[in-house]
Amino acid sequence: MYLLWLRVAAILYAAGCVAVFPAVLYNSVPWRKSCVHLAGLAFFFHFVSVVEMLVLAHRWMPVGVREIESLLGFTVAGLFFLVWWLYEAISLGIFALPATFFLVFAPALGENAHRFPSQRTWMSWLVAHIIALLLAYAALCFSLLASMLYLLQERRIKAKVKPGKSGWSPADWLPPLDTLERIALATLEFGFPCMTVGLLIGFVLVQQTSLGASYFLDPNILASFAMWIVYVTLLLLRRGVGLRGRRAAYVSGAALVVMMAVWAVNFFSQVRRFGP
Amino acid sequence: MMFTLIGVNHKTAPIALREKIAIGRDELAETTRALSATPGVTECMIVSTCNRVELLTVVEGAETRVTDFLSKQFGIDPELLRPHLYEYRDKEAVSHLFRMAASLDSMVVGEPQILGQVKEAFAVARAAGTVSGQLEYLLQSAFAAAKKARSETGIGSNSVSIASVAVDLARKIFGSLQGRTVFLVGAGKMSELAARHLVQQGAGAILVSNRTAERARRMAEEISGTVVPEVIDFAQLYEAASRADIVISSTGAPHPIFRPEHGHAFLHKRRNRPMFFIDIAVPRDVDPEMNKLDGIFVYDIDDLQQVAVAHMEERSRQAIDAEALIAAEVERFHRRQRTVNVAPAIVALQKKAEEIRVAEIQRIHSRLGTLTAEQLAAVEALTRGLVNKFLHPPMQALKQAAREGDVAKLDALCEEWAVSPAGPIGTESEDAVPKPTEGAGKDLGNVNADAKANEGRVEARQ
């Protein structure tokens with residue numbers, strides 16, 4: 001029965017994840033209420049599931065990866081609610097709730113629930129996983145490019161660059177600052193769900209492999225999670241904190257450097273990979 | 001028939017004189033009709049703007065004078081007016097008109113209004129019935145040339161006024177100006193002009209503030225149009241400024257009223273949304289250090305002036321290309337006119353040849369005996385072919401002489417072939433003027449088509 005409560009909790013955490021982003025990034029009160037209510041319900045069912053699981057096992061000590069994952073998720077969610085209770089802040093939820101969901105998702109699948117009906121279905125999901133992640137990376141690159149162009153255009157306007165002798169300036173084609181800012185944010189907002197969906201599909205797919213949860217030790221996968229955190233940070237800074245202009249472009253530049261470094265490390269390092 | 005153009009403009013006459021002879025929109029049609037009543041004037045139109053008053057006429061001969069029209073019409077002493085008047089005839093008149101329409105003769109080279117003003121004057125003259133073939137063709141050619149100059153050179157591409165430079169810069173920052181808030185601090189003429197430009201571009205709200213509330217209210221009333229300005233108490237200056245995307249400041253304050261600490265506060269309140277400060281006050285109202293803040297852009301009067309001057313220099317460079325283009329268009333217009341003018345002589349030549357051919361056929365008709373219809377048609381085709389082949393060299397020679405404007409050679413050729421340069425008797429003089437729709441923008445150098453059409457007309461008459 002504990003598995004059922006855990007699955008209910010996982011679904012509610014997922015819904016809470018969906019609600020937390022508009023609640024934090026757009027400061028929306030209805031989404032904020034929905035987020036707290038959904039996450040609260042999830043936390044309650046999670047609690048029931050954990051207690052039932054441990055009672056059934058006749059011990060108070062978690063044993064095995066899945067039990068530890070579930071309990072860790074419960075602790076993260078608990079901390080989120082503690083912060084909310086003390087400071088009425090849900091901003092941390094954009095990290096805490098997705099993290100909790102990821103931690104709960106694998107145990108909620110149960111022991112035998114991760115088998116795909118056929119190899120073809122598995123392949124289709126694999127293709128979707130790759131496309132989603134590639135779209136996310138492409139969007140991030142585009143957002144970072146727009147930020148770089150923003151810096152260039154901003155410098156031109158601040159420096160009061162006049163047309164050259166030929167009447168033509170090499171940066172005349174640059175779009176207005178506001179347009180560049182919008183492009184940077186819109187591509188980020190497009191890429192984020194792609195990245196999340198890509199990671200979720202990957203999470204499900206990995207259950208089919210013999211490696212299971214240990215697959216997440218692969219540097220590639222870790223890099224993807226790191227990039228997801230970069231995405232969330234960028235979104236939080238831009239939408240939540242209201243970071244714009246030059247500083248936002250610098251942060252984006254730093255993110256680009258991180259992304260390139262992660263890719264380079266993955267590409268050239270001799271660290272053993274678990275992937276097929 | 002010849003074109004004449006007389007007038008005064010900002011280069012030749014002071015405003016005190018120009019305003020005396022300026023013709024209002026309501027009086028333009030009547031004045032144009034009065035001009036057309038001048039003896040010897042067959043067609044006319046008047047262009048009257050704040051910078052010029054010009055009379056463009058088609059006159060019967062060189063002796064027709066329209067220079068006294070302005071002094072008579074406006075009761076100004078001719079001696080007072082004469083030193084400021086310029087008069088162009090034929091090629092010079094055409095060249096001046098083309099340059100004027102292309103905005104090469106304007107105070108601000110490349111400004112777009114003049115073409116519209118010439119078009120409007122032309123429409124008024126057409127409605128008044130003072131324009132027909134010659135001027136119609138000339139004006140359509142001038143419009144086409146002006147359009148070409150604007151599209152093929154960059155004479156109109158960059159802003160050259162302070163207000164429009166400010167609008168361009170605002171667009172570089174905000175993209176569209178739709179819905180942006182403009183704050184006018186201080187009630188200056190230039191800031192009013194800039195605000196009007198911004199409203200034209202879609203600015204959504206205007207706030208006005210001045211140390212003297214009454215002046216702020218007056219200015220708000222003056223610029224009130226599609227957007228109703230909101231008057232802000234000067235004590236609320238900084239609160240209101242944080243609402244504005246664009247601040248145009250022109251107060252007489254001895255020290256900057258917007259300093260970096262204010263900039264930080266604005267950005268904090270606006271969640272870092274950018275602000276553009278246009279400082280047209282001397283001494284400056286905005287501390288230049290504000291420009292170093294992320295999200296705040298400051299341009300003072302010198303910065304704007306420098307951009308405007310750079311654009312003006314660029315226009316001057318482009319104007320050289322535009323002048324060359326207009327000169328080529330003027331030359332093309334004259335070439336077309338000359339080629340068109342030779343058409344009556346060609347028609348006369350063809351008519352004469354056709355008469356000889358028909359006469360010869362009739363002369364030998366009895367000797368040919370009874371011919372079938374096919375045989376008759378063959379004879380017709382044979383003789384017609386021969387005549388055309390014989391006519392080809394003289395026709396080419398006529399066209400060549402016309403293209404080169406060699407009147408002596410043209411007369412000699414007409415004499416040699418015993419034809420009148422004015423065409424065969426009965427040919428309408430309008431034949432020499434192409435219809436405006438055909439003429440505008442097309443090279444009429446190939447007269448073969450005209451000649452063939454005329455040939456058809458000759459045949460029809462027979």
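Quick caveat, the model's predicted, so the values are computed rather than measured. Quick note on labels: first sequence line is chain A, next is B, and so on, each numbered from 1.
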Is the shortest side-chain heavy-atom distance between [X] and [Y] below 4.5 Å?
X       : Y       : result
E181(A) : P274(B) : no
L174(A) : K172(B) : no
I157(A) : I173(B) : yes

*asked:* Whether the side chain of K160(A) engages the backbone of Q306(B) through a donor-acceptor N/O pair (distance < 3.5 Å, no angle test) should be reported.
replied: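 Not confirmed, K160(A) side chain does not pair with Q306(B) backbone.
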
*Side chain K158(A), main chain I296(B), donor-acceptor under 3.5 Å*: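 Yes, the answer is positive, given that a donor and an acceptor are paired below the 3.5 Å cut-off.
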
Contact origin within [X] toward chain A - heavy atom pairs under 4.5 Å:
X       : answer
R273(B) : both
L293(B) : backbone
V309(B) : neither

*Any idea which heavy atoms bring D294(B) and R247(A) closest together, and the distance?*
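Between these two residues, the closest heavy atoms are OD2-N, 3.0 Å.
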
_For a side chain to side chain contact (heavy atoms under 4.5 Å, CB included) check, start with the C-alpha distance between D178(A) and R180(B), then their side-chain angles and the critical distance, and finish with the verdict._
CA-CA 12 Å; D178(A) 190 65; R180(B) 300 285 173 188; 3.4 Å; yes

*Heavy atoms of other groups near F44(A) CZ, more than 12 under 6.0 Å*: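 Count not over threshold, so no.
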
*F142(A), CZ: over 12 other non-hydrogen atoms inside 6.0 angstrom*: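 Open.
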
*So which of K292(B), R271(B), E313(B), R315(B) has the largest heavy-atom pair count under 4.5 angstrom toward chain A?*
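Going by pairs under 4.5 Å, I would pick R271(B).
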
